[in-house]
Amino acid sequence: MTIREINSDDYDGLMTLYLHLHETDVPDYDTAAKTWEHILADENYHIVVADEGGKIVSSCTVVVVPNLTRGVRPYARVENVVTHADYRGKGLATACLDRAREIAAAAGCYNIALLTGAKDEKTLKFYENAGYKRGEKTGFIIWL
């Protein structure tokens, strides 16, 4: 198993994995090409994957956000944490989150925020076991 950042050849594998998140279909490359190319070119946008023999089986996204407060230290946001159903319970998402933490620390971030829509205690405990603290801040969201 290799934990690494995505590369330009990973579009199909990543999008197939996202079917285990909340997506219902894979957009064709032509439809998503501009966004995909933007992600690949953005030095602050990182998609970490667990790769098993060329198959992407777990992933998370970490975005480093430049900031003018906290001593001009950036912060990071984690989203899209997902593991293929056949590979859950093997520590892969934790390994991806650990790499995301390394990326944020190397960028000098003062914190990492992770929001989840999950309500089940098992998932919430998973995030706590990965080092995220519940109740430190209050999250709000507006769906657009």
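Owing to the predicted nature of the structure, the values given are computational and were not obtained by experimental measurement.
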Asks: When you measure from the side chain of T31 to the backbone of P27, do you find a donor-acceptor pair of N or O atoms at a distance under 3.5 Å?
Replies: no
Asks: Flag yes if more than 12 heavy atoms outside L68 fall under 6.0 Å of its CG atom; otherwise flag no.
Replies: no
Asks: Considering residues at least two apart in sequence or located in another chain, which fulfil the side chain to side chain donor-acceptor pair (under 3.5 Å) criterion with R4?
Replies: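 Expected list: D10, D51.
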Asks: Any chance you could measure C60, atom SG, to D98, atom CG, to the nearest 0.5 Å?
Replies: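 Result: 9.5 Å between the selected atoms.
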Asks: Looking at V82, is its backbone amide N or carbonyl O close enough to the side chain of S58 to form a donor-acceptor pair, meaning the two atoms are under 3.5 Å apart?
Replies: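 Here the side-chain-to-backbone pair exists.
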Asks: Is the backbone N or O of V62 less than 3.5 Å from a side-chain atom of H46, with the two atoms forming a donor-acceptor pair by type?
Replies: no
Asks: Nearest 0.5 Å please: distance from the OG1 atom of T116 over to the CG atom of L114.
Replies: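 If I round to the nearest 0.5 Å, the distance is 6.5 Å.
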Asks: Specify the closest pair of heavy atoms between P74 and G108, including all atoms of both residues, with the distance to one decimal.
Replies: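 Between these two residues, the closest heavy atoms are CD-O, 3.7 Å.
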Asks: So, taking the atom named CG in L115 and the one named OH in Y127, what distance separates them when rounded to the nearest 0.5 Å?
Replies: 10.0 Å
Asks: Are V63 and L14 joined in one hydrophobic group, where the rule is that I, L, V, M, F, W and Y side chains link up if heavy atoms are under 4.5 Å apart?
Replies: yes
Asks: State which residues pass salt bridge (Lys or Arg N to Asp or Glu O under 4.0 Å) with K55; sequence neighbours excluded, sorted by chain then number.
Replies: none
Asks: Are Y87 and M15 connected into the same hydrophobic cluster when the rule is that any two of I, L, V, M, F, W, Y join if their side-chain heavy atoms are below 4.5 Å apart?
Replies: no
Asks: Could you report the tightest heavy-atom contact between T83 and L17, atom names first, then the distance?
Replies: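 For T83 and L17, the tightest heavy-atom pair comes out as C-CD1, 4.0 Å.
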Asks: For the hydrophobic clusters of this structure (ILVMFWY residues joined by side-chain heavy atoms under 4.5 Å, transitively), does one cluster hold both V65 and I39?
Replies: yes
Asks: Would you say L124 and L21 are hydrophobically clustered, going by side-chain heavy atoms of ILVMFWY under 4.5 Å?
Replies: no
Asks: Are any of the side-chain nitrogens in E136 or R134 under 4.0 Å away from the carboxylate oxygens of its partner?
Replies: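 The answer is no: the pair does not qualify as a salt bridge.
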Asks: Side chains of V64 and R77, heavy atoms from C-beta outward: is any pair under 4.5 Å?
Replies: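 A side-chain contact under 4.5 Å is absent here.
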Asks: Let me check something: do Y45 and V49 share a hydrophobic cluster, defined by ILVMFWY side-chain heavy atoms less than 4.5 Å apart, either directly or through other members?
Replies: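 Yes, it is one cluster - the side chains of Y45 and V49 are joined through contacts under 4.5 Å.
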Asks: Using side-chain heavy atoms (C-beta onward) and a distance below 4.5 Å, is T24 in contact with Y18?
Replies: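 No, side chains not in contact.
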Asks: What's the shortest heavy-atom distance between I47 and T61, and which atoms?
Replies: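 So the minimum-distance heavy-atom pair works out to CG1-OG1, 3.8 Å.
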Asks: Ignoring hydrogens, what is the shortest heavy-atom contact between W36 and S8? Give both atom names and the distance.
Replies: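 Reported closest heavy-atom pair: NE1-O, 3.6 Å.
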Asks: For the CD atom on E43, are there more than 12 heavy atoms of other groups (residues, nucleotides or ligands in this structure) within a distance under 6.0 Å?
Replies: no
Asks: Atom OH of Y11 and atom OG1 of T35: how far apart are they, to the nearest 0.5 Å?
Replies: 9.0 Å
Asks: Looking at every non-hydrogen atom in both residues, tell me the closest pair between M1 and A50 and how far apart they are.
Replies: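 Between these two residues, the closest heavy atoms are SD-CB, 3.9 Å.
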Asks: Roughly how far apart are T16 OG1 and I56 CD1, rounded to 0.5 Å?
Replies: 8.5 Å
Asks: Any heavy-atom pair between the side chains of V78 and Y132 that's under 4.5 Å?
Replies: yes
Asks: If you compare all heavy atoms of A100 against all heavy atoms of V48, which two are closest, and at what distance to 0.1 Å?
Replies: N-CG2, 4.3 Å
Asks: Do the side chain of R101 and the main chain of A130 share a donor and acceptor less than 3.5 angstrom apart?
Replies: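 Yes, the answer is positive, given that a donor and an acceptor are paired below the 3.5 Å cut-off.
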Asks: Keeping the roles fixed (side chain from N67, backbone from R73), state whether a donor-acceptor pair exists under 3.5 Å.
Replies: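 Pair found, side chain donor or acceptor close to backbone of R73.
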